[in-house]
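Note sheet for the following structure.
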2 protein chains.
Amino acid sequence: MSGMSSARGTGRATIRDVAAEAGVSTGLVSLAFKDPARVSAVRRARILDAADRLGYRPNFVARSLAADGSSFIGILLSDLHNPLFAEIADAARQEFDAHGSYALIASATKARPEGRAPENPEEGGQAGSGASARGPGGLRVPGATGGADRIADEQVIAMFRDLRPRGVLVIGTIADTALLSGLPSATPVVYASAVSPEGSAHPSVRADDDAGMALLFDHLTGRGHQRIAFVGGAGGEVSRLRLEAYLAQAEARGMPALVARADFSEQSGYRAGAELAGLDPRPTAVIAVNDLAGIGVQAAAEQAGLRLPADLAVAAFDNTYLAGLHRISLTTIDPRNAEVGRRAASRLLLALDPDGARHAGLPRDGARNASAPGAGDSDALRDVSSPIGESRGAASAPRSARFGGAHAVASPGTEDVLVRPELIVRDSA
Amino acid sequence: MSGMSSARGTGRATIRDVAAEAGVSTGLVSLAFKDPARVSAVRRARILDAADRLGYRPNFVARSLAADGSSFIGILLSDLHNPLFAEIADAARQEFDAHGSYALIASATKARPEGRAPENPEEGGQAGSGASARGPGGLRVPGATGGADRIADEQVIAMFRDLRPRGVLVIGTIADTALLSGLPSATPVVYASAVSPEGSAHPSVRADDDAGMALLFDHLTGRGHQRIAFVGGAGGEVSRLRLEAYLAQAEARGMPALVARADFSEQSGYRAGAELAGLDPRPTAVIAVNDLAGIGVQAAAEQAGLRLPADLAVAAFDNTYLAGLHRISLTTIDPRNAEVGRRAASRLLLALDPDGARHAGLPRDGARNASAPGAGDSDALRDVSSPIGESRGAASAPRSARFGGAHAVASPGTEDVLVRPELIVRDSA
DNA sequence: CTGTTAGCGCTTTCAA
DNA sequence: TTGAAAGCGCTAACAG
């Protein structure tokens with residue numbers, strides 16, 4: 001009947017086949033898919049019928065070419081190996097879905113080892129820690145700092161550029177940010193878990209490390225600790241910022257500052273821990289730049305014969321699942337990645353559609369609003385219901401829009417959003 | 001000078017702008033990029049000149065539409081949260097790069113929580129373990145088995161379908177495999193770290209769990225262990241297969257089989273470990289389905305007052321970085337993910353180009369061939385150099401092609417490739 | 001409401 | 001070698 005029609009290589013049905021089969025013009029078929037309401041009931045039925053008799057599926061690529069832009073939102077993952085990023089991506093994706101937008105996740109990877117010279121020798125670059133590199137034996141060791149010369153994959157960027165997503169969510173620091181400029185300049189971009197590159201007008205959403213550090217100090221001093229050391233400072237921007245936050249807290253509280261330099265790796269934390277354990281007036285507590293380094297500190301302390309947490313309390317950042325393991329049980333700061341992802345997504349949605357109206361798309365039953373505490377949110381979203389502390393980074397901007405709130409502001413502005421992290425207390429401190 | 005030309009939304013230069021600027025036809029510009037040799041030197045120069053004066057970059061999408069297929073290879077990641085997959089993806093990507101092919105990584109994610117009913121209630125589905133789900137407090141817990149209803153993201157698949165990659169590498173088990181059938185039927189597909197779906201003609205490359213289990217038994221019996229228990233069996237196909245491998249080894253060696261059911265999570269391993277610790281003739285060694293479960297076993301044993309490894313030796317599978325942490329130090333089977341990724345990539349390349357010739361693409365200086373041991377491979381590839389044990393899975397197929405070997409066989413066949421894993425001995429056993 | 005007409009940016013015959 | 005022209009599959013005016 002219908003039969004072998006166009007679609008050059010593949011035997012796929014094209015819009016023309018459908019039009020022929022239904023006895024209408026291609027234009028109408030197109031319309032029937034895009035805006036069914038504007039097509040008469042009879043034809044619509046005939047078209048839809050023909051379409052699925054032929055197994056027609058509109059061609060993504062052709063559509064994007066013709067329509068001068070696609071309907072999806074691009075999520076660009078800077079590093080596949082950082083588990084925090086995966087969490088953020090998932091949360092963001094869910095948020096998009098809930099609003100009838102759909103997102104495509106693409107990932108960059110490390111450059112070929114024999115490739116061109118490292119772009120950013122010392123800047124592993126992720127927020128949230130966890131630069132990864134090769135350890136001995138080819139085992140991938142998160143946090144190791146060596147040779148972290150990752151570049152934003154040109155091809156991935158090119159794909160996004162040409163597919164013209166409605167917006168782009170960049171998760172983690174992307175080295176060659178210049179490439180992003182290939183996007184149509186009007187394309188909204190939001191960074192998550194990364195500071196947006198200097199000079200960039202794009203907002204970033206990330207955990208508030210200062211607040212996290214304060215939480216840690218409160219907790220530790222509350223337990224009587226007076227000599228609190230910091231392990232970290234190396235390995236990237238995030239590490240540096242956490243170090244600064246530490247110094248600020250120590251100073252503000254009139255406490256001595258004691259720093260053992262380390263990056264995000266366990267090895268590195270181990271060395272720093274050993275160093276600290278040997279000190280004469282030994283610190284009674286240590287704050288590590290991330291869980292992995294904290295675990296290294298624990299190991300070193302144990303090895304040095306210290307009892308944990310009696311002789312040395314250890315706390316860290318990130319609340320990766322490591323921290324929750326029975327044998328580790330690490331007190332740590334939860335950056336609330338899901339929240340970061342969700343807010344970053346909201347931010348982008350707001351920029352795309354300042355009215356904040358929930359999108360048409362597929363009307364989903366459970367479509368909830370961030371402001372209205374959903375009735376029976378499923379477990380994955382449980383932690384949203386708590387009132388969300390929020391603060392803004394950049395100085396100048398007026399503290400305006402509350403996302404999903406009653407009166408969203410027209411111009412989203414470009415201020416960063418800092419998500420208030422949470423203290424997770426476990427045995428280690 | 002040149003100025004504001006076409007390219008509707010964006011101000012990007014199109015092939016037409018270049019043609020105009022260079023005073024030639026668009027067809028020639030196209031040719032100048034695709035096959036420079038067939039264009040006269042003068043025009044070529046003029047074209048290339050004009051092109052970069054205008055900052056021209058060919059449009060990916062338009063090209064793929066016009067040329068009936070793209071030049072990239074698609075890497076489809078089934079789960080962002082499984083670190084093993086990231087390793088495989090990286091290795092594969094490098095292999096592709098080395099052969100002048102380039103790959104695009106796209107990821108599926110979990111379905112929205114409030115979405116349609118779970119597809120595969122009990123089938124988390126990844127090879128290599130590490131299904132992830134929400135634990136208490138919204139923390140992402142790798143290995144937890146609950147609600148792992150991930151679906152292969154339709155949009156991602158649609159994108160691949162329409163972009164028409166030359167080939168697709170699927171990493172991990174993808175639930176809705178039917179969607180892949182949307183690809184032009186001639187598109188070669190290779191699965192990595194997953195058994196290819198039944199009835200599928202696509203080969204899969206994965207670690208040989210039977211061999212790994214044998215390695216573990218050899219090691220443990222060599223240390224005098226006679227009562228070796230297994231923790232695992234639940235949570236997915238891989239878990240089941242490892243259980244079977246365990247049973248087979250135990251039987252073959254005339255040893256008693258003792259199984260405590262668990263999935264890939266630490267929690268689950270903990271429970272199983274507690275169970276085993278309480279048994280009367282206690283096992284002297286435990287093999288866990290993966291590192292995480294093994295860590296759970298360690299924790300439970302410790303809690304039960306057992307000394308490790310004297311009272312209970314623990315070994316596992318996967319060699320994630322966890323196993324290498326000082327405080328964990330777990331003897332484990334390294335699935336050699338990088339090798340899996342590399343071989344899967346080779347497999348695909350072979351299918352794409354049976355002559356094994358290195359592709360034209362951008363001619364890269366360092367382009368090495370799998371068969372020719374490259375001179376100074378950088379560290380990331382260090383472990384390739386060792387002679388690679390290899391065996392084949394599927395029964396019927398003739399044992400033919402050695403990848404990258406001297407005489408590659410014309411028809412690649414569809415047999416699975418099993419990569420021989422490696423035993424990593426640490427303190428725990 | 002519906003058909004027609006132009007393209008999106010690029011590749012590819014096919015002649016010249 | 002080079003240019004002209006005809007599409008890839010779809011959308012977007014614009015008339016009717």
Side-chain angles (χ1 to χ4, degrees), chain A residues 5-47 51 54-71 158-159 161-164 182 184, chain B residues 5-47 51 54-71 158-159 161-164 182 184:
Chain A
S5 8
S6 331
R8 211 160 26 182
T10 121
R12 267 203 27 255
T14 76
I15 201 174
R16 246 167 324 246
D17 301 322
V18 177
E21 177 87 4
V24 299
S25 72
T26 61
L28 202 61
V29 175
S30 176
L31 202 63
F33 276 91
K34 187 195 180 330
D35 193 355
R38 280 171 43 190
V39 176
S40 73
V42 240
R43 316 248 173 184
R44 196 191 323 147
R46 249 197 292 157
I47 290 172
L54 266 44
Y56 169 75
R57 310 272 286 142
N59 184 315
F60 200 77
V61 167
R63 178 180 285 192
S64 139
L65 185 58
D68 190 50
S70 322
S71 52
M159 183 190 81
R161 178 180 14 79
D162 297 341
L163 243 24
R164 305 213 190 113
Chain B
S5 10
S6 333
R8 213 163 21 184
T10 122
R12 279 236 331 286
T14 75
I15 200 173
R16 249 174 313 254
D17 301 322
V18 177
E21 178 87 2
V24 300
S25 72
T26 62
L28 202 62
V29 176
S30 176
L31 202 63
F33 276 92
K34 187 195 180 329
D35 192 357
R38 281 173 41 191
V39 176
S40 72
V42 240
R43 317 246 173 183
R44 197 190 324 148
R46 250 197 293 157
I47 290 173
L54 265 44
Y56 169 75
R57 309 274 285 143
N59 184 313
F60 201 75
V61 167
R63 178 181 284 192
S64 140
L65 184 58
D68 191 49
S70 320
S71 52
M159 183 192 81
R161 182 187 1 89
D162 297 339
L163 243 24
R164 305 212 188 110

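Convention: sequence-line order gives letters A, B, ...; per-chain numbering from 1.
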Nearest-angstrom distance from the residue atom CG of A:L31 to C1' of C:dC1: 9 Å
statement: Between CZ of A:R161 and P of C:dC10 the distance, given in whole Å, is 10 Å
query: Which sits closer to the 5' end of DNA chain D, A:P58 or A:R38, going by the nucleotide each is nearest to?
result: A:P58
- prompt: Between D:dC10, D:dC8, D:dA12, which nucleotide has the shortest distance from any of its atoms to the side chain of B:L65?
  reply: D:dC8
Please write out each protein N/O paired with an N/O of nucleotides 3-7 of chain C under 3.5 Å, distance rounded to 0.1 Å.
from: C:dG3; atom 1: OP2; to: A:S25; atom 2: N; distance (Å): 3.1
from: C:dG3; atom 1: OP2; to: A:S25; atom 2: OG; distance (Å): 3.4

- prompt: Within less than 4.0 Å of OP1 or OP2 of C:dT11, is there a side-chain N or O belonging to B:R63?
  reply: yes
field: Residue A:A67, side-chain atoms from C-beta onward, closest of D:dA12, D:dC8, C:dT2
entry: D:dA12
- prompt: Between atom CZ in A:R46 and atom C1' in C:dC1, what is the gap in whole Å?
  reply: 13 Å
field: Atom of B:T14, atom of B:Y56 and distance for their closest heavy-atom approach
entry: C-CE1, 3.6 Å
- request: Would you give the length of the straight line joining atom OG of B:S40 to atom CD1 of B:I47, rounded to the nearest 0.5 angstrom?
  value: 7.5 Å
message: In this structure, how many angstroms lie between the C1' atom of D:dG9 and the NZ atom of A:K34, rounded?
response: 17 Å
- prompt: Is B:T14 near enough to C:dG9 that one of its side-chain N or O atoms lies under 4.0 angstrom from OP1 or OP2?
  reply: no
query: How long is the line joining CG of A:D35 and C1' of D:dT11, in whole Å?
result: 13 Å
field: Residue pair B:R63, A:D162: steps toward the side chain to side chain contact (heavy atoms under 4.5 Å, CB included) verdict
entry: CA-CA 10 Å; B:R63 178 181 284 192; A:D162 297 341; over 6 Å; no
- request: Indicate, with a heavy-atom threshold strictly under 4.0 Å, whether A:F60 touches base, sugar-phosphate, or nothing.
  value: nothing
- prompt: Is a donor on one side and an acceptor on the other found under 3.5 Å between the side chain of A:R12 and the backbone of A:R57?
  reply: yes
task: Taking all non-hydrogen atoms of both residues into account, name the closest pair between B:R44 and B:V39 and its distance.
output: NH2-O, 3.2 Å
- prompt: Roughly, in whole Å, what's the span from CD1 in B:I47 to C1' in D:dG3?
  reply: 12 Å
Contact summary for A:A158 and B:F60, nearest pair of heavy atoms: O-CB, 4.4 Å
query: Separation of B:R164 atom CZ from C:dC10 atom C1', in whole Å?
result: 14 Å
query: Taking A:I15 as the fixed residue, which of A:V29, A:N59, A:L28 is the one that meets the side-chain contact (heavy atoms from CB on, under 4.5 Å) rule?
result: A:V29
- prompt: Atom CG of B:N59 and atom P of C:dC10: how far apart are they, to the nearest Å?
  reply: 5 Å
message: Nearest 0.5 Å, please: how far is CG in A:L163 from CG in A:L65?
response: 10.0 Å
Touch class at under 4.0 angstrom, heavy-atom based, for B:F33 against every strand present: nothing
- request: Assign B:S40 to base, sugar-phosphate, or nothing according to its heavy-atom contacts below 4.0 angstrom with the strands shown.
  value: sugar-phosphate
task: For B:V39, report the nucleic acid contact type (base, sugar-phosphate, nothing); a contact means any heavy atom under 4.0 Å.
output: sugar-phosphate
- prompt: Taking all non-hydrogen atoms of both residues, which atom of A:R161 and which atom of A:P184 are closest, and how far apart?
  reply: O-CD, 4.5 Å
- line: So OG of B:S71 and NZ of B:K34: to nearest 0.5 Å the spacing works out to 10.0 Å
message: Please compare A:I15 and B:A37 by the position of their nearest nucleotide in DNA chain D and report the one closer to 5'.
response: B:A37
Intra- and interstrand pairs of DNA chain D - dot-bracket, Watson-Crick/G-U under 3.5 Å, | marks other strand: |||||||||||.||||
task: Please measure how far the P atom in C:dT2 lies from the corresponding atom in D:dG9, and state the result in whole Å.
output: 25 Å
